[in-house]
A.B. asks: 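First the structure, then my questions, so here it is.
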Amino acid sequence: MTSAAASTPSRARFNPRRAIRAALPAVSLALILIAIAYLNPRAMSYLGFSLMLNLAIPIALATIAQMFVIAVNDLDLSIGTFVGFVGCVTATYLNDEPALGVLILLGSIGIYALLGALIYVRDLPSIVVTLGMSFVWAGLAILVLPRPGGRAPEWLSTIMGLKPPFVPFPIVAAVVIAVVVHIGLMRTSYGAILRGAGGNPVAIRRAGWSLLKTKVVAFSLAGLFGVLSGLALIGNTTSADANIGNGYTLLSIAGVILGGGEFVGGRVSPIGAVIGALTLALAANSLLQFMHIPPDWQVAANGAILIIVLAARALLTRRESL
Amino acid sequence: MVGQATNIVRLDGVEKHFGAVRALDGVDLRVDAGECVGLVGHNGAGKSTLMHVLAGTLAPGQGRITIAGSEQPGYSVSLAHELGIRCVFQELSLCPNLTVAENARVMHPGLTGIGWRRRAGDLIVGKLDEIFPGHGIGAGDVISDLSIGRRQMVEVARAFTETDKPVKLVILDEPTSSLDAHSAGQLLAFVRRAVANGQGIILISHLLGEILGNSDRVVVMRDGKVVVADRADAFDRDKLVAAMGAEHHERATPAAAAGAARGEKPVRIRARPERQSDGAELVAHQGEVIGLAGLAGHGQTRLLLQIFEAAYRRKAGFEVQAPVAFVAGDRQSDGVFPLWSIAENVGIRSIAAMRKGLLISPEREAELADAWRQKMKIRTPDMNNPILSLSGGNQQKALFARALASDAVIILMDDPMRGVDIGTKLEVYDLIREEALKGRTFLWYTTEMDELQNCDHVYVFRNGRIVADLRSGEVTEEKVIQSSFKEVA
């Protein structure tokens, strides 16, 4: 027998398991912040946050790009070198010949769209295709900017250097990114189709939707946010280097997973992804510095933190599924 | 009788072949407005292929599809939606990561713009209220959080939701399989209401009581053809069962010759399915060929896998006395190693016997492969050719060789003869008989009625339980179908 209750709830009921899963990214961010506040109370200030989170915005944007690809059950191993390529174009063409620069960046988004189509039409593993593309972007970046240098366009540095009252710019930017993508992917009607294509592609096709279109849309959005990430990065650093984005591939994947996403099944969360990116950015730089870990060991310590955080998440989600 | 104008759907001579398998072999079918058509048939009768053709997910090879009086040469999924034909597939087609409302939206391209979530939610919850009062499902619930029964309710309700296009025909494939008796009753009552409102329903079920009690007409399929179609009140249970079976089953049973009394030889396997509530269990003795029958997916494969596990690890309710080998039914996904040679594919279960020190001896591998090429009559010039160079039937022979070449005494077979030509089948049947005489035990899940005639003993499964236990002399198609289909809903 089903429940005999006459009233049927039309809104979602409170689900404790889902609530735990949703709160997990925020909890890990809070833990990192508490640790930083304990180690260095002065970091908890307007200037402190501006400095600590200054590189978090490009990471958050790259994480969102990765999230769109993961939403349709693929993985983008080229996002890091793509961000590097965009950075090189931004510091050269976009500064010197803005029209050409814009054209190149739009064209690179077009290439992302084509990759999505190729992966769907030829049924290729996205890992292989994007791994290949990562070398293509890296090579192009070196062609554009053989030696570190270049200059960020004036307007870009201005935007990234904004000092809004009370709340530091990186936090404002993070909130804006999270809210905009959340509305776009989680609240719009086509966003539901996009996520459905990750959850049960057969069902989406049987309902008459084009899976080709969902792949192309997801990859185009990944390209768009990859471009935004490169722009934000150069706006911060003011000059570029062909290898500038190399670490972003793995950071973006870790950010999505840390933010409550899953590799398959269309389960992603834009808000979680942004929080995950902020957590990683803080853990990677500020926390280790305040812990007085020598620079030689920071990269390794960074990896260890990542493993601990993801293992904790895996543990919690497993317990929840029992 | 009924004029052509009220036909919602009309199929004329629809055919669909998959390789040599004639899944649909010239089907004529019509469904009128305000009519529930019950569709029954045993395994492989072509019911699900027919459904896919009607839903537009499979294009027929031959034949005409006429909808509401106009012929549809380029019939497709989107056209089916356009024309108001909906299908509830047996394997659920909801997106588990989306909410109930979002899944409703997937069905309706028109649900967009501001407030679409509320509209989609109202639509689906309204329909759920109508079909399953007191269902307890919210529009914002995520599908993966719902029980399997509630998912099926959402799936069924979604098929009946309407936005811009009216729903003309809904095909329900085993719609009550995951519902409890109360919800199933609600659904069947709704089906009658929908029919009274002029909609057409095709109801597929293995519960003959459901079919007889709710259909206006009953269509019986067998071997890709419609064999009988008549008013439901012209049938009773026995007539339906008789119509589903083949015309002749008085074949000399080869197994009957070996009709030694059971129990003289030592017991090799005892297994009790998890969902078995009475004392029935599967027993296999040395030298026996045991058949596992019943409708596909009713726990046979699961039991074989559990027996396989129990051979290596102690398991409650299972007793397995000898080494086992498994012959997979789904060759491509569970059987062959596609990049390996035929010889390597045959030898993988016998690595220990072919070892020389730490390495595999190439001579012994070749020896084994050649011995089995001759024994199984695998048609290839060289056993070192890649396995995919063989035809499907010969690949299956290689998989049999893998099991028979091994030290396994018990051979588990998971419907291994699917899509294999008759010549190969007969050769393999003889070999199985020969090996059984030498003392091997075979557990053989098969969806083909003829193959059961090769078994010494047959267990019929329904819903994960053994429901009949037939000795070789008693195995008739009628009896198997009788036990596979439940009496009442």
Side-chain angles (χ1 to χ4, degrees), chain A residues 1-22 67 70-73 183 185-211 213-214 260-269 317 320-321, chain B residues 52 55-57 76-82 87 89 91-103 105-113 116-118 120-122 125-126 128-129 132-145 147 149-150 153 158 179-183 186:
Chain A
M1 284 276 299
T2 49
S3 73
S7 70
T8 50
S10 58
R11 304 253 343 140
R13 278 157 304 170
F14 179 72
N15 182 331
R17 296 186 306 153
R18 194 158 291 283
I20 291 176
R21 190 158 42 181
M67 185 201 69
I70 289 181
V72 292
N73 293 350
I183 290 174
L185 185 63
M186 310 303 280
R187 308 291 295 189
T188 64
S189 55
Y190 193 72
I193 303 301
L194 212 57
R195 284 178 290 128
N200 187 348
V202 176
I204 295 293
R205 201 183 54 228
R206 277 183 187 163
W209 297 93
S210 158
L211 287 177
K213 189 177 158 197
T214 61
E262 276 163 44
F263 282 116
V264 287
R267 287 195 176 86
V268 292
S269 154
T317 42
E320 159 215 307
S321 67
Chain B
H52 280 283
T57 45
S76 67
V77 181
S78 34
L79 204 54
H81 273 255
E82 190 89 345
C87 197
F89 292 98
E91 71 281 21
L92 296 176
S93 42
L94 298 171
C95 296
N97 57 330
L98 301 186
T99 64
V100 172
E102 285 168 341
N103 269 291
R105 183 268 181 276
V106 165
M107 196 66 122
H108 297 286
L111 278 174
T112 54
W116 68 270
R117 289 158 74 89
R118 192 183 38 75
D122 291 348
V125 172
L128 277 165
D129 288 342
F132 304 103
H135 50 80
I137 300 167
D141 291 349
V142 177
I143 295 297
S144 57
D145 292 342
S147 68
R150 285 190 169 154
M153 290 185 198
R158 186 177 72 157
L179 297 182
D180 58 62
H182 176 68
S183 319
Q186 289 178 326

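Excluded from the calculations below are hydrogen atoms, water molecules and symmetry mates; all remaining heavy atoms, backbone and side chain alike, are included. Just so we're on the same page: letters track the sequence lines, and every chain starts at 1.
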A.B. asks: Please flag which part of B:Thr112 lies under 4.5 Å from any non-hydrogen atom of chain A: side chain, backbone, both or neither.
C.D. replies: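 Looking at B:Thr112, backbone and side chain both touch chain A.
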
A.B. asks: Can you tell which of A:Gly196, A:Pro201, A:Gly265, A:Gly198 has the highest number of heavy-atom pairs within less than 4.5 Å of chain B?
C.D. replies: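 With the most close heavy-atom pairs to chain B, the winner is A:Gly196.
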
A.B. asks: Checking B:Arg105 now: which residues fulfil salt bridge (charged side-chain N to carboxylate O under 4.0 Å, His left out) with it, not counting sequence neighbours?
C.D. replies: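 B:Arg105 satisfies salt bridge (charged side-chain N to carboxylate O under 4.0 Å, His left out) with no residue once adjacent residues are dropped.
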
A.B. asks: What residue, out of B:Gly113, B:Ser78, B:Pro96, has the most heavy-atom pairs lying under 4.5 Å from chain A?
C.D. replies: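 The answer is B:Pro96.
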
A.B. asks: Mind running side-chain hydrogen bond (donor to acceptor under 3.5 Å, both in side chains) on A:Ser189 and B:Arg117 for me, showing each step along the way?
C.D. replies: CA-CA 8 Å; A:Ser189 55; B:Arg117 289 158 74 89; over 6 Å; no

A.B. asks: For the residue pair A:Ala192 and B:Trp116, what are the closest heavy atoms and their distance?
C.D. replies: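 It is CB-CH2, 4.0 Å.
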
A.B. asks: Of the backbone (N, CA, C, O) and the side chain (C-beta and beyond), which part of B:Phe132 lies under 4.5 Å from a heavy atom of chain A, both, or neither?
C.D. replies: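 Neither part.
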
A.B. asks: Against chain A, label B:Leu111 side chain, backbone, both or neither, depending on which of its atoms sit under 4.5 Å from a heavy atom there.
C.D. replies: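 For B:Leu111, the backbone is the part near chain A, not the side chain.
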
A.B. asks: For the candidates B:Val106, B:Leu94, B:Val77, which exhibits the highest count of non-hydrogen atom pairs separated by less than 4.5 Å from chain A?
C.D. replies: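 Most heavy-atom pairs within the cutoff with chain A belong to B:Val106.
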
A.B. asks: For a side chain to side chain contact (heavy atoms under 4.5 Å, CB included) check, start with the C-alpha distance between A:Arg206 and B:His52, then their side-chain angles and the critical distance, and finish with the verdict.
C.D. replies: CA-CA 10 Å; A:Arg206 277 183 187 163; B:His52 280 283; 3.4 Å; yes

A.B. asks: Applying salt bridge (charged side-chain N to carboxylate O under 4.0 Å, His left out), can you list everything that pairs with B:Arg118, at least two apart in sequence or on another chain?
C.D. replies: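 Scan of B:Arg118 (salt bridge (charged side-chain N to carboxylate O under 4.0 Å, His left out), adjacent residues dropped) gives B:Asp122.
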
A.B. asks: Quick check on A:Arg187 against chain B: is it the side chain, the backbone, both or neither that has a heavy atom closer than 4.5 Å?
C.D. replies: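 The answer is both parts of A:Arg187.
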
A.B. asks: Considering only heavy atoms from C-beta outward, does the side chain of B:Cys95 approach that of A:Ile204 to under 4.5 Å?
C.D. replies: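 They are in contact (side-chain heavy atoms under 4.5 Å apart), so the answer is yes.
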
A.B. asks: Out of curiosity, B:Thr99 OG1 to A:Arg195 CZ, how far, rounded to the nearest 0.5 Å?
C.D. replies: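 Taking OG1 in B:Thr99 and CZ in A:Arg195, the distance rounds to 7.5 Å.
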
A.B. asks: Please classify the contact of B:Leu79 with chain A as side chain, backbone, both or neither, using a heavy-atom distance under 4.5 Å.
C.D. replies: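 Neither part.
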
